[in-house]
Novice: 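Sending over a structure as structure tokens; questions will come in a sec.
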Amino acid sequence: MRFIDQPSPSLRLQAHRRRGFCGLLLISLAACSTVASNLPPRMTEVRGTWVTTTANHAIATPADTAATMRRLREIGLNTVYVEVWKNGYTWFPSEVLARTIGVKLGRDIKTTAPTRDLLQETLIEAHRNGLIYIAWFEYGFMAAHKDTMTHLRRQKPEWLSRDINGSEVAPNGFVWLNPLHPEARKLLLNLVLEAIDKYDLDGVQLDDRIVWPHITMGYDDYTQKIYAREHDGRAPPSDYKDAEWMRWRANKVNEYGKQFVQEVRAKRPGLVISLSPAVYPWSWENYLLEWPSWSAWTAQNRLASVSDKAKATTPRWDEFVPQVYRFSYPDFEKTWLAQSAAIQTMGANRQRDLIAGIRLVGDGPDSSWTQLRDSILLSRRTGGGGHVLWFSRGVTEIFSTELTDFYATTGAADSPYFPHRWRQSAVTLYRAPLADFSRADGRNAWFAPDLPRGQYRLIGFDGHAWEYANDQTVDSNSGVGNRVYFYLPAHYTQVELLLDRREEIKMELKKERSLIRRY
């Protein structure tokens with residue numbers, strides 16, 4: 001038997017038998033992803049959806065979160081992109097945000113009470129169901145709606161972008177941080193770095209909001225000062241469509257795109273770094289974003305103005321998920337083929353890293369099943385790496401039966417970015433019935449009959465939601481034949497162990513390519 005006492009500062013599995021000590025278990029992670037050579041080739045594509053707090057109840061309560069993640073897995077998806085940064089607030093406790101605006105966690109709009117740690121809650125439920133979890137920093141540099149006075153908008157007016165008339169509200173109706181301002185850049189980057197340090201993420205995604213708020217913006221004092229410094233004291237042209245002025249602003253966004261990915265890659269080389277932009281060339285014409293060219297970045301495009309550790313990293317984005325949101329299949333086909341052509345001509349022809357963002361629901365009429373099916377099939381035929389569906393309500397409430405049957409015809413698919421069984425179902429622990437395991441402090445003993453190899457985090461269910469039981473990890477070489485006991489607070493009614501991949505994600509991951517069958 002092994003006994004695990006929660007308060008230990010360094011949690012190690014100590015092997016005890018009634019007749020002696022069996023020694024410390026060694027960390028052995030490689031075996032978790034070992035694949036037998038006689039297995040048939042596996043299919044691989046991104047099958048994802050975005051999960052948001054807007055216009056649905058997917059994660060409105062812990063029970064909703066659990067049901068949503070379970071249902072998405074049952075339908076056949078393998079990846080979720082979950083909103084964690086919105087309207088100038090994080091959906092996880094953030095010391096970075098607290099130092100910036102004095103608020104650590106987003107507020108419930110109706111009650112103004114601190115919200116739940118939605119990142120932890122959704123992450124645990126996703127991983128309990130074997131789903132890849134991408135933290136979606138949806139709002140990027142967007143700080144507030146025009147009618148909302150958020151802390152960022154009120155406390156950091158010098159960080160905001162403005163048009164030539166001094167207005168901080170962009171034509172899209174939102175207030176944005178200036179993508180050129182060093183403090184705004186630092187805030188977004190540090191929020192992401194904080195999250196990947198604290199949570200066992202599989203990836204992070206930025207949206208189409210790491211750009212200029214609109215082509216009409218860029219006339220704030222800071223941007224004008226930098227432009228003048230680089231143009232012999234001249235002010236920016238009053239014509240916001242001036243070719244040189246457009247190119248200058250676009251280059252600044254390109255610069256941040258490199259800085260961001262180099263710093264994140266240096267921190268966690270195995271993390272998926274995703275971008276979900278507006279479609280090209282609309283993204284250029286309205287937001288000065290030429291993201292297809294980002295797919296061609298190599299070591300020669302490295303920035304020197306980054307941290308020492310990041311200087312040697314290549315600014316490579318792993319995937320591009322353009323939002324090809326169209327109301328008919330012909331329109332989708334036309335736009336999708338334009339994205340494929342742009343990746344080929346402007347970038348490095350990385351068709352496999354082009355993932356189709358497909359609209360199911362939202363403003364306007366819902367998609368039809370025929371349109372959805374044909375859009376997925378087109379992305380496959382053109383060599384795309386999968387699809388992400390906007391958004392989870394359409395998956396679970398409208399097309400659940402059709403998608404379940406559709407995915408069943410080709411079988412389950414692995415994520416292209418991780419080894420087979422990277423995320424597995426949790427290991428269930430059982431309450432120890434033996435009286436001699438009781439504790440004076442009221443904690444209960446839980447045990448795992450056979451603990452497979454791996455590194456784990458303890459999670460507990462208090463009757464309301466799952467949470468990490470502590471900040472420690474449990475390392476196991478093999479639990480066969482040796483029960484592992486854990487002492488945990490009595491308020492937990494269920495306890496499980498989840499694989500923890502944070503150490504592995506610090507390394508560059510390589511998938512067993514010989515055992516992959518692509519569509």
Novice: Quick one: salt bridge (Lys or Arg N to Asp or Glu O under 4.0 Å) pairs with a partner in residues 56-71, sequence neighbours left out?
Specialist: R71-E74
Novice: Salt bridge (Lys or Arg N to Asp or Glu O under 4.0 Å) with K258: which residues, sequence neighbours excluded?
Specialist: none
Novice: Between R352 (side chain) and G383 (backbone), is there a donor-acceptor pair under 3.5 Å?
Specialist: no
Novice: Using a 4.5 Å cut-off on heavy atoms from C-beta on, say whether the side chain of W50 contacts that of V388.
Specialist: yes
Novice: What class does the angle between the rings of W466 and F461 fall in, given that below 30° is parallel, 30 to 60° is tilted and above 60° is perpendicular?
Specialist: tilted
Novice: Looking at every heavy atom in both W294 and L289, which two are closest together, and how far apart are they?
Specialist: CZ2-CD1, 3.6 Å
Novice: Is the shortest side-chain heavy-atom distance between I398 and L360 below 4.5 Å?
Specialist: no
Novice: Please work out which of the three classes, parallel, tilted or perpendicular, describes the rings of H127 and Y133, given edges at 30° and 60°.
Specialist: perpendicular
Novice: Can you sort out the partners of F141 under ring-ring contact (aromatic ring centres under 6.0 Å, His included), two or more places apart, ordered by chain and number?
Specialist: Y256
Novice: Sequence neighbours left out, what passes ring-ring contact (aromatic ring centres under 6.0 Å, His included) with F391? Give chain and number order.
Specialist: none
Novice: Do V80 and T122 come within less than 4.5 Å of each other through their side chains, counting heavy atoms only?
Specialist: no
Novice: Can you see which heavy atom on P93 is nearest to which on Y199, and at what distance?
Specialist: CD-OH, 3.6 Å
Novice: Using modelled atom types only, decide if a donor and an acceptor are shared between the side chain of R302 and the backbone of A312 within a distance under 3.5 Å.
Specialist: yes
Novice: Can you measure from CG (L458) to CG (L429) and round to the nearest 0.5 angstrom?
Specialist: 6.5 Å
Novice: What do the steps show when you test E45 against R47 for salt bridge (charged side-chain N to carboxylate O under 4.0 Å, His left out), and what is the final call?
Specialist: CA-CA 6 Å; E45 70 172 356; R47 294 178 179 174; 2.9 Å; yes
Novice: With sequence neighbours left out, write down each residue that passes salt bridge (Lys or Arg N to Asp or Glu O under 4.0 Å) with R316, or none if nothing qualifies.
Specialist: D353
Novice: Check whether any side-chain heavy atom of I134 lies under 4.5 Å from a side-chain heavy atom of V82, and answer yes or no.
Specialist: no
Novice: My understanding is that only residues two or more places apart in sequence, or in another chain, count here; which of them pass ring-ring contact (aromatic ring centres under 6.0 Å, His included) with F260?
Specialist: W317
Novice: Quick one about Y468 and D117 (side-chain donor to acceptor, distance below 3.5 Å, no hydrogens or angles considered), yes or no?
Specialist: no
Novice: Go through the side-chain N and O atoms of D207 and Q323 and say whether any donor and acceptor fall under 3.5 Å apart.
Specialist: yes
Novice: Could you pull out the closest heavy-atom pair between V321 and E319, with the gap in Å?
Specialist: CG2-OE2, 3.7 Å
Novice: Can you confirm whether N470 sits close enough to F486 that some side-chain heavy atom of one is under 4.5 Å from a side-chain heavy atom of the other?
Specialist: no
Novice: Between Q262 and W297, is there a side-chain donor-acceptor contact under 3.5 Å, judged purely by atom types and distance?
Specialist: no
Novice: Can you name the closest pair of heavy atoms from R73 and L77 and give their distance?
Specialist: NH1-O, 3.2 Å
Novice: Could you pull out all residues at least two apart from T52 that satisfy side-chain hydrogen bond (donor to acceptor under 3.5 Å, both in side chains)?
Specialist: E83
Novice: Indicate whether any N or O donor in one side chain lies under 3.5 Å from an N or O acceptor in the other, for E194 and S94.
Specialist: yes
Novice: Taking atom CG of L201 and atom CD1 of I196, what is their separation to the nearest 0.5 Å?
Specialist: 7.5 Å
Novice: Verify, without hydrogens or angle tests, whether S379 (side chain) and G384 (backbone) share a donor-acceptor contact under 3.5 angstrom.
Specialist: no
Novice: Check for me whether R431 meets the cation-pi criterion with W446, that is, NZ or CZ under 6.0 Å from the six-membered ring centre and within 45 degrees of the ring axis.
Specialist: yes
Novice: Could you pull out all residues at least two apart from S295 that satisfy side-chain contact (heavy atoms from CB on, under 4.5 Å)?
Specialist: F320, I343, R350
Novice: Do the side chains of T428 and Y430 get nearer than 4.5 Å, heavy atoms only?
Specialist: yes
Novice: Using every non-hydrogen atom in the two residues, find where L498 and I124 come nearest and quote the distance to one decimal.
Specialist: CD1-O, 4.0 Å
Novice: I'd like to check the side-chain contact (heavy atoms from CB on, under 4.5 Å) partners of A144; sequence neighbours left out, ordered by chain and number.
Specialist: T150, R153, V175
Novice: Could you tell me which residues satisfy side-chain contact (heavy atoms from CB on, under 4.5 Å) with E467, sequence neighbours excluded, listed by chain and number?
Specialist: Q120, H491, Y492
Novice: Whether the side chain of T68 engages the backbone of T65 through a donor-acceptor N/O pair (distance < 3.5 Å, no angle test) should be reported.
Specialist: no
Novice: Any chance NZ of K186 has more than 12 other-residue heavy atoms, nucleotides or ligands included, within less than 6.0 Å?
Specialist: no
Novice: Quick one: does W85's side chain get under 4.5 Å of L188's, heavy atoms only?
Specialist: yes
Novice: Cut-off 3.5 Å, side chains only: do T54 and K86 have a donor facing an acceptor?
Specialist: yes
Novice: Between E504 and K506, does any NZ, NE, NH1 or NH2 come within less than 4.0 Å of an OD or OE carboxylate oxygen?
Specialist: no
Novice: Can you tell me how far OG of S392 sits from CD1 of I59, rounded to the nearest 0.5 angstrom?
Specialist: 8.0 Å
Novice: Going by salt bridge (Lys or Arg N to Asp or Glu O under 4.0 Å), name the residues that satisfy it together with D405, two or more places apart in sequence or in a different chain.
Specialist: none
Novice: Go through the steps to decide whether R443 and L488 satisfy the test side-chain contact (heavy atoms from CB on, under 4.5 Å), and finish with yes or no.
Specialist: CA-CA 5 Å; R443 281 182 288 165; L488 294 170; 5.8 Å; no
Novice: Who passes salt bridge (Lys or Arg N to Asp or Glu O under 4.0 Å) against E263, sequence neighbours left out?
Specialist: none
Novice: Check the pair R423 / D200 against salt bridge (charged side-chain N to carboxylate O under 4.0 Å, His left out), numbers first and verdict last.
Specialist: CA-CA 11 Å; R423 292 299 174 189; D200 185 19; 2.9 Å; yes
Novice: Please confirm whether the backbone N or O of L180 pairs with a side-chain atom of N178, one donor and one acceptor, at under 3.5 Å?
Specialist: yes
Novice: Ignoring hydrogens and geometry beyond distance, is a side-chain donor-acceptor pair present between S276 and Q205 at under 3.5 Å?
Specialist: no
Novice: Between the side chains of D197 and R268, is the shortest nitrogen-to-carboxylate-oxygen separation below 4.0 Å, so that they form an ion pair?
Specialist: yes
Novice: Is any side-chain heavy atom of D471 closer than 4.5 Å to a side-chain heavy atom of R457?
Specialist: yes
Novice: If we ignore angles and hydrogens, is there a donor and acceptor under 3.5 Å between the side chains of Y81 and E138?
Specialist: no
Novice: Give the minimum heavy-atom separation between L131 and M69, together with the two atoms involved.
Specialist: CD1-O, 3.6 Å
Novice: Is a side-chain donor-acceptor pair under 3.5 Å present for D202 with W422?
Specialist: yes
